[in-house]
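These figures come from a predicted structure and were not determined experimentally.
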Amino acid sequence: QVQLVESGGGLVQPGGSLILSCAASGESVDFYAIGWFRQAPGKEREGVSCISSSDGITAYADSTKGRFTISRDRAKKMVYLQMNSLEREDTAGYFCATGYYADSQRCDLVVRKYEAWGQGTQVTVSS
């Protein structure tokens with residue numbers, strides 16, 4: 001069984017940057033795609049970015065494309081989300097999750113395809 005723990009959230013001014021970390025323990029996540037999702041109060045959980053199990057494919061929501069970068073360090077069992085040029089609209093709880101795809105070169109941002117979830121880390125963008 002996989003356990004995921006997110007960290008790195010906090011309060012940042014508009015235009016600032018944060019790096020979120022997702023630490024995996026338990027079962028290996030080498031064969032899983034990892035997705036980052038976020039949920040703001042009163043809104044549905046939405047996909048932010050994902051990385052395929054092969055690390056060869058990444059995907060981003062239109063709202064984060066060009067500003068966020070996902071990466072994985074297999075040796076450390078970590079997945080990172082570098083967030084630049086943060087906007088107030090990025091304020092939300094951020095979650096990482098594992099998703100299994102038979103194709104190692106595939107991932108997407110469909111919430112229901114992801115199984116193990118972390119507890120989340122809060123990102124607040126405000127001046």
Side-chain angles (χ1 to χ4, degrees):
Q1 192 172 3
V2 176
Q3 291 83 40
L4 302 175
V5 178
E6 303 92 337
S7 61
L11 174 64
V12 63
Q13 293 186 342
S17 298
L18 280 175
I19 301 176
L20 302 185
S21 299
C22 174
S25 62
E27 179 184 350
S28 172
V29 296
D30 285 351
F31 300 105
Y32 289 97
I34 303 294
W36 279 99
F37 299 81
R38 66 186 181 188
Q39 187 167 19
K43 295 188 177 181
E44 292 187 356
R45 188 165 296 190
E46 64 175 1
V48 173
S49 180
C50 65
I51 185 166
S52 66
S53 61
S54 68
D55 295 344
I57 297 295
T58 58
Y60 297 90
D62 288 344
S63 61
T64 64
K65 204 171 294 183
R67 299 188 298 124
F68 291 10
T69 303
I70 191 171
S71 61
R72 186 197 309 238
D73 185 328
R74 291 183 180 273
K76 296 182 179 178
K77 296 184 178 180
M78 298 287 290
V79 175
Y80 303 100
L81 185 68
Q82 171 75 52
M83 305 189 297
N84 298 328
S85 302
L86 283 162
E87 305 168 352
R88 288 182 174 83
E89 293 74 20
D90 295 317
T91 295
Y94 282 72
F95 304 83
C96 61
T98 61
Y100 179 75
Y101 295 80
D103 184 350
S104 65
Q105 295 278 68
R106 181 175 179 181
C107 74
D108 56 41
L109 301 179
V110 178
V111 174
R112 60 177 171 80
K113 291 186 178 181
Y114 288 77
E115 300 173 341
W117 292 79
Q119 84 292 345
T121 186
Q122 178 66 33
V123 172
T124 302
V125 184
S126 175
S127 55

- Item | Nearest heavy atoms of Leu4 and Cys22, plus distance in Å | CD2-SG, 4.0 Å
- Note on the structure: Residues Ala92 and Gln122: closest non-hydrogen pair is O-NE2, 3.4 Å
Look only at the side chain of [X] and the backbone of [Y], and say whether a donor-acceptor pair between them is shorter than 3.5 Å.
X: Thr121; Y: Glu6; value: no
X: Ser53; Y: Ala33; value: no
X: Tyr60; Y: Ile70; value: yes

Please say yes or no: joined through hydrophobic side-chain contacts below 4.5 Å, possibly via intermediate residues, are [X] and [Y] part of one cluster?
X: Tyr100; Y: Val29; answer: yes
X: Ile19; Y: Val12; answer: no
X: Phe95; Y: Val79; answer: no

For the residue pair [X] and [Y], establish whether any side-chain heavy-atom pair is separated by less than 4.5 Å.
X: Arg67; Y: Asp90; answer: yes
X: Tyr114; Y: Cys96; answer: no
X: Ser17; Y: Gln82; answer: yes
X: Arg38; Y: Thr64; answer: yes
X: Thr98; Y: Ile34; answer: yes
X: Arg88; Y: Ser127; answer: yes

- Task: Indicate whether the side chain of Tyr32 and that of Glu115 have a donor and an acceptor atom separated by less than 3.5 Å.
- Result: no
- Does the side chain of Ser52 pick up a donor-acceptor pair with the side chain of Ser54 at under 3.5 Å? yes
Atom pair [atom1]/[atom2] of [X] and [Y] - distance to nearest 0.5 Å:
X: Leu81; Y: Thr69; atom1: CG; atom2: OG1; value: 8.0 Å
X: Tyr94; Y: Leu18; atom1: OH; atom2: CG; value: 9.0 Å
X: Leu20; Y: Tyr80; atom1: CG; atom2: OH; value: 12.0 Å
X: Gln3; Y: Lys77; atom1: CD; atom2: NZ; value: 10.5 Å
X: Thr124; Y: Leu11; atom1: OG1; atom2: CG; value: 6.0 Å

- Residues two or more places apart in sequence or in another chain: which of them pass salt bridge (charged side-chain N to carboxylate O under 4.0 Å, His left out) with Arg72? Asp55
- Query: How would you list, by chain and number, every residue that makes a salt bridge (charged side-chain N to carboxylate O under 4.0 Å, His left out) with Asp30, sequence neighbours excluded?
  - Reply: Arg74
- Message: Please determine whether the number of non-hydrogen atoms from other residues, nucleotides or ligands lying under 6.0 Å from atom CZ of Arg106 exceeds 12.
- Response: no
- Can you establish whether the number of heavy atoms outside Gln119 located under 6.0 Å from its atom CD is more than 12? yes
- Below 6.0 angstrom between ring centroids: does that apply to Trp36 and Phe68? no
- Query: Do the ring planes of Trp117 and Phe37 sit parallel (below 30°), tilted (30 to 60°) or perpendicular (above 60°)?
  - Reply: tilted
